[in-house]
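Take a look at the structure below.
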Amino acid sequence: MTTLPAGPAEEPSAARASVTLLERLAEKLGGRASVTAVYGEPITRDGITVIPVARVGFGFGGGAGREVGATRTGDGGGGGGGVEARPLGFIESRDGIATYKPIRDPWVDVVAPPAALLAGTAVPKVVRAVARRVHC
């Protein structure tokens, strides 16, 4: 646990509040970072068990500041965090055999082939044009 030195009147400062916020945030997020955050609860129906799979990431950060001097006094602090969970697929267990089945992004199937075709036709033309300029 991180503590800051006490201020002039032992009053809680914004910097100390920022550290407290970050500690609480880390405790909350750390408590939720478990296998069940990535692999959901199994669902069984008609002899088939499905276990959802996701990619989970989280991060947090913060800062604190303090300025002292004859005419300058200041305090500061801030913090924040975020969590992202993205479904990746599921594990299907049937008759003792487990199979991972990814969830495909439909936009990748729609956009990737035309983008590859465009790159395949445009890149050689660009290379030839650049080569002509270099040799001129």
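Every residue two or more places apart in sequence or in another chain that forms a side-chain hydrogen bond (donor to acceptor under 3.5 Å, both in side chains) with R104 is listed here: D109. Residues passing the side-chain hydrogen bond (donor to acceptor under 3.5 Å, both in side chains) test with T99, sequence neighbours excluded: none. By the side-chain hydrogen bond (donor to acceptor under 3.5 Å, both in side chains) test, S93 is found to be paired with no residue, residues two or more places apart in sequence or in another chain being considered.
Checked against I51 for a side chain to side chain contact (heavy atoms under 4.5 Å, CB included), the options T44, I91, I43 give a single hit: I91.
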From CA spacing to verdict: side-chain contact (heavy atoms from CB on, under 4.5 Å), Y100, V53: CA-CA 9 Å; Y100 174 73; V53 178; 4.2 Å; yes

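Residues V123 make up the rest of the hydrophobic cluster containing V127, defined by ILVMFWY side-chain heavy atoms closer than 4.5 Å, directly or through other members.
I48 and F90 fall within a single hydrophobic cluster, where Ile, Leu, Val, Met, Phe, Trp and Tyr are joined by side-chain heavy atoms under 4.5 Å apart, directly or via other members.
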N/O donor-acceptor pairs under 3.5 Å from side chains in residues 81-89, not counting sequence neighbours:
residue: E84; atom: OE2; partner: R86; partner atom: NH2; Å: 2.9

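The salt bridge (Lys or Arg N to Asp or Glu O under 4.0 Å) analysis of residues 43-64, with sequence neighbours excluded, yields no pairs.
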